[in-house]
Engineer: 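Pasting a structure here, questions to come.
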Amino acid sequence: MSSGYGNRRGRRGGGGRFGDGEDVWDRCAGPSGGGYQSNPGWESREGQARGGGRGARGGGARGKHPPHLKGREIGLWYAKWGGIKRSEAERKSVRTYVTSYFDGDDPPEGPQKMGKVAEMEPDKKQKQEQEEEKEVKMKAKVEPRERDLEYLFQDLVRKPALDVELKSDFQAKAENPKYLEMLVSERMSPVHYAQRLVSLVQASRVVVISGETGCGKTTQVTQFILDDYIQRGAGSLCRVVCTQPRRISAISVAERVAAERAESVGEGRSCGYQIRLQSRLPRKQGSVLYCTTGIILQWLRSDPCLSSISHLVLDEVHERSLQSDVLLAVVRDLLHSREDLKVVLMSATLNAEKFSKYFDNCPMIHIPGYTYPVEEYLLEDVVEMLRFRPQHQDRRPRFPRSFLQNQWTRPEKEAQEAEYRQSWPCFARSLRDRFSDDTIEALERLDEDDKINLDLIVALIRHIVMNEDDGAILVFLPGWDNISGLNDLLMHAPDPCRVTMPLSDQVFKRPPAGVRKIVIATNIAETSITVDDVVYVIDGGKIKETHFDTQNNISTMAAEWVSLANAKQRKGRAGRVSPGKCYHLYNGLRASLLDNYQLPEIQRTPLEELCLQIKILKLGPIASFLRKTLDPPSEKAIELAITHLKDLNALDRSEELTPLGFHLARLPVEPHIGKMILFGALLACLDPVLTIAASLSFKDPFCIPLGKEKLADHRRKILSKNSKSDHLTIVNAFWGWEDAKRRGYKCEREFCWDNFLSANTLQMLHNMKGQFAEHLWAAGFVRSKDLKDSSANINSGDSQGLSTTAEICVCHHRPVKVYTKADGKVCIHPKSVNAEETQFHYTWLIYHLKMRTSSIFLYDCTEVSPFSLLFFGGDISIQKDQEQETIAVDEWIVFQSPARIAHLVKNLKRELDVLLEEKIRQPRPVDWDDRGSSDCAVISAIIDLITTQESPSEAPWQERSWKAGQHWD
DNA sequence: GAGCACTGC
């Protein structure tokens, strides 16, 4: 048995001495996902609606529907508000309260509400407002994009007048009572840390700062650097940029820093932020900018040396996101050409050394974290304490563990399991001194089942509720099925565990006295949201992870054991407000075998998009750049990505960008989606194609609330308008939303509610569409930035017309034969409108994402006609096969066809290819006004062919065969 | 019959 974990057990965690003056930095400023600030009161504000419009409680909801409602509206009223009323009534009578949070539940408040903004003195404020107004008027004339570029390219030239101004401002601020108040209450930063840190940064080109979440490094380090420059009268030479992994943390940290500096965020101040489609930029010199990592990677395209930045601070590098790993590699190279650039890496303590080594053993400095101590318990402690005995399962014959487990276990995990099984007897013996035989037997039984034992969690929750002090309980589970399972169990548990499952904004509120809040969450609660009154954490021990199986060329998602870093992060969630307790539901042996960290994202993900980025950033040959990363991806994964890009015609044989590749690399989407966007523009069905592209690259706007699955399916089916297409369902939903929005806020809310749509997601999709349109316009593919421009939407049509035109573009997805479940190859995901469909017009579907979870699922698919496949599916060839003419797409989708038609199709397709290639080589919009032009003629002919073909029986072809061996999936 | 989490001038 490996050693070590036994010592961790029960150890006082955190090592913190909160409140111990000198060493305290700032315990509140969680650098990661500072999260949403909770409302101090438990009750919602009156009439305040949340997200999809489930609010309007209080005034209206008093037992009877408002008198003006009629018929169906009355039913709706009871459906919507009845549930809320019921839960309010129940809340008064029960002791325990469960609420849950997954992604997809919109947070109750926007991040903009974070942070306090200190007030300024009146005259200064007035002056500043005038200045701001002047500036806003000026800026209003400049397009946002140009403004950002102007911001990016400004040089860091010393401005003595600015230096003096900044310094005197700083000194004046030091006398401002409001600022001093903030300084005392918020920063409390010990001077010696600031000095040590600043001199270390001055002396070295790269510094690693390690410290746990909550030690305040994110908010403080940037300010130390800036204030040092200002005090030395060199403020104009300092421009700190700090990257964050999440949008929400970039905003909340910037807001917080501004508040600490007694300023507001952005526009000419010392602190601002920039995330996709949203920015409040600080003044050009003498400032700190918080941005997402992706933003810096985009900046590099225009300014490969980051010449306007004096200090680059990379936060949360230990999370090992794809983008942060790439940026690290870029920056390491950049240091050769930018001798004056200072780089600061901020990491959790566990592997700070790794980053130091990567940067030539650069100096490290540790910032102690100050959270409350958290006691940790392992599975054996929990089982012993609760005297828990697993229910007898129906005793199936015991298969070898690897068989019972996920049938696609990865080889590394296989080895770990073998070690676990081998060490078990020894571990069990070592437990005998401290634990009862019953406990050891229970542990063995728990081990037989790979699933998380929810009965155990219920028992543990009961124990905490009945025996422990007040404080919220946070339960980490890997996914939806566990969460809803646990919720069901709690719902049906006898008092005092009777629960209700209310709206998710109550996740963030403190419950009234005598009520216990229980939050069940996925790993979203590790970093992205913060429930700040948590005292007890139950760590289910599993986490869902995606991987990329290069052998079978498929993405996978499965629950895996957590890493030590996850476990530590989960534990930390218990010590934010008081000393806490954390129960890990895995035994000591398992704990000793946990990985330190999850596999870095770069090793778990397909690399196509990254390869294009490497090319457009001119970082050298793809493989040699990737080998320079901290933990390079496998050669096989690199090879696979390059092959795909060549197939897509984005890279040529010598791995250089083709004209198409160049455009794809510039669009902020995956290459497949990018191609769809370009073709959508050229074929004049821009608006719907952009909706689809935005949705595929961000997220689908549909939500499925717990218990409402059937109804949600039904509503989606209606929105699909029998198109047999998930893509067009989203287009219909989006149009419906736009229409509802035009009719007012109430209509919008109602439309979203009725159709299970997230208004926040739709708004984001709307913004992204605008961004895509701007790209297309800048590249010359469309005449106008307006994506509704009629010349770009000649083939968009509505309903009928749309279903075929949008299909054209969707064909840049992968095609697949319609299988039935019995075929066992792939399944249409149950969320798809095609899941239950039995009557297809055609035998082919195209899909965007295929992933292996419990089976291999196609997540979004659209039925396509053979003509669509022939014109947009790939290379076509005509052959004589057994005395019959056939026409084939990429040599594997083969149709039987009269020779005349086959040749007609082939010629037309060739013309289309020439036209598209020419347009991409020299972007310009198709001139639809000149109907006689050859462009128009070719495209119109194809569209006519596709749209007029009403039923398969009228088609001049017959499907001949499908060559299974050549299926490239 | 099923939904870890992020991100992009």
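By convention in this document, chain letters (A, B, ...) are assigned in the order of the sequence lines, proteins followed by strands, and residues within each chain are numbered from 1.
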Engineer: From the set B:dC9, B:dC6, B:dG1, return the single nucleotide nearest to any side-chain atom of A:Ile524.
Structural biologist: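 Ranking B:dC9, B:dC6, B:dG1 by closest atom to the A:Ile524 side chain puts B:dC6 first.
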Engineer: Among the candidates B:dC6, B:dC4, B:dT7, find the nucleotide nearest to the side-chain atoms of A:Ser528.
Structural biologist: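 Selected nucleotide (nearest to the side chain): B:dC6.
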Engineer: Across the strands shown, which category fits A:Gln771 at heavy-atom distances under 4.0 angstrom: base, sugar-phosphate, nothing?
Structural biologist: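 Here A:Gln771 touches the backbone only, sparing every base.
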Engineer: Ion pair present between A:Lys831 and A:Asp860, side-chain N to carboxylate O less than 4.0 angstrom?
Structural biologist: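 Looking at A:Asp860 together with A:Lys831, the answer is no, because their closest N to O distance does not fall below 4.0 Å.
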Engineer: Side chain of A:Thr292: nearest nucleotide among B:dC9, B:dT7, B:dC4?
Structural biologist: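 From the listed options, B:dT7 comes nearest.
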Engineer: Decide yes or no, distance alone: a donor-acceptor N/O pair under 3.5 angstrom between the base of B:dG3 and the side-chain of A:Asp481.
Structural biologist: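 Answer is no: no donor-acceptor pair is held.
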Engineer: Please tell me which of the listed nucleotides, B:dC4, B:dG8, B:dA5, lies nearest to the side chain of A:Met557?
Structural biologist: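 When the side chain of A:Met557 is considered, B:dC4 is the closest of B:dC4, B:dG8, B:dA5.
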Engineer: What is the distance, to the nearest angstrom, from the CG atom on A:Leu610 to the C1' atom on B:dG8?
Structural biologist: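 To the nearest whole Å, that distance equals 13 Å.
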Engineer: For the pair made of CG in A:Asp325 and P in B:dT7, what is the distance, rounded to whole Å?
Structural biologist: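 Computing the A:Asp325:CG to B:dT7:P distance gives 17 Å.
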Engineer: Centroid-to-centroid, A:Phe781 to A:His775, below 6.0 Å?
Structural biologist: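 No.
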Engineer: Looking only at N and O atoms, is any donor in the side chain of A:Ser302 or the base of B:dC9 less than 3.5 Å from an acceptor on the other one?
Structural biologist: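 Yes.
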Engineer: Using whole Å, what does the distance between atom C1' of nucleotide B:dG3 and atom CG of A:Asp700 come to?
Structural biologist: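 Interatomic distance, CG of A:Asp700 to C1' of B:dG3: 10 Å.
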Engineer: Report the residues that fulfil side-chain contact (heavy atoms from CB on, under 4.5 Å) with A:Ala348, sequence neighbours left out, ordered by chain and then residue number.
Structural biologist: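 A:Glu212, A:His318, A:Tyr597.
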Engineer: Starting at the 5' end of DNA chain B and moving along, which residue's nearest nucleotide shows up first, A:Asn523 or A:Met764?
Structural biologist: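 Nearest nucleotide further toward 5': that of A:Asn523.
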Engineer: Starting from C1' on B:dG3, measure out to CZ on A:Phe702 and report it in whole angstrom.
Structural biologist: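 Atom-to-atom, A:Phe702 to B:dG3, this comes out as 14 Å.
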Engineer: What is the separation between atom CZ on A:Arg716 and atom P on B:dG3, rounded to the nearest whole Å?
Structural biologist: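 Whole-Å distance recorded here is 13 Å.
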Engineer: If only side-chain N and O atoms of A:His829 are considered, is one of them under 4.0 Å from the OP1 or OP2 phosphate oxygen of B:dG3?
Structural biologist: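 Affirmative; the distance criterion is met.
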Engineer: Could you tell me if the side chain of A:His584 sits less than 4.5 Å from the side chain of A:Val537, heavy atoms only?
Structural biologist: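 They are not in contact (no side-chain heavy atoms under 4.5 Å apart), so the answer is no.
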Engineer: Would you indicate which nucleotide in B:dC4, B:dC9, B:dG3 comes nearest to any side-chain atom of A:Tyr859?
Structural biologist: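 Closest of the options to the side chain of A:Tyr859: B:dG3.
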Engineer: So does A:Thr546 get a side-chain nitrogen or oxygen closer than 4.0 Å to the phosphate oxygens (OP1/OP2) of B:dC4?
Structural biologist: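 For B:dC4, OP1/OP2 do not have a side-chain N/O of A:Thr546 under 4.0 Å.
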Engineer: So if I apply the side chain to side chain donor-acceptor pair (under 3.5 Å) rule between A:Asp713 and each of A:Arg716, A:Lys710, A:Arg715, which one comes out positive?
Structural biologist: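 Option passing the side chain to side chain donor-acceptor pair (under 3.5 Å) with A:Asp713: A:Arg716.
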Engineer: Counting heavy atoms from C-beta on, name the nucleotide in B:dA5, B:dT7, B:dG3 closest to the side chain of A:Arg247.
Structural biologist: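 The listed nucleotide nearest to A:Arg247's side chain is B:dT7.
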Engineer: From C-beta outward on A:Gln323, which listed nucleotide comes closest to its side chain: B:dA2, B:dG8, B:dC4?
Structural biologist: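 The listed nucleotide nearest to A:Gln323's side chain is B:dG8.
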Engineer: Could you tell me how far apart A:Asn834 (CG) and B:dG1 (P) are, to the nearest whole angstrom?
Structural biologist: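 After rounding, the gap between these two atoms is 17 Å.
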Engineer: The criterion is side-chain contact (heavy atoms from CB on, under 4.5 Å); which residues satisfy it with A:Gln323, sequence neighbours excluded?
Structural biologist: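 Per chain and number, A:Gln323 pairs via side-chain contact (heavy atoms from CB on, under 4.5 Å) with A:Thr293, A:Leu297, A:Ser321.
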Engineer: Could you check how far CG of A:Asn482 sits from P of B:dG3, rounded to whole Å?
Structural biologist: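 So the CG-P distance, A:Asn482 to B:dG3, works out to 12 Å.
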Engineer: Using whole Å, what does the distance between atom C1' of nucleotide B:dT7 and atom NZ of A:Lys699 come to?
Structural biologist: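 About 11 Å, once rounded to whole Å.
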Engineer: Looking at the side chain of A:Phe698, which of B:dG3, B:dT7, B:dC9 is the nearest nucleotide?
Structural biologist: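 Ranking B:dG3, B:dT7, B:dC9 by closest atom to the A:Phe698 side chain puts B:dT7 first.
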Engineer: Of all the choices, B:dC9, B:dG3, B:dC4, which nucleotide is nearest to the side chain of A:Ile295 once you look at every atom?
Structural biologist: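 Of the options given, the side chain of A:Ile295 lies nearest B:dC9.
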Engineer: What nucleotide among B:dA2, B:dT7, B:dC9 has an atom nearest to a side-chain atom of A:Arg246?
Structural biologist: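 From the listed options, B:dT7 comes nearest.
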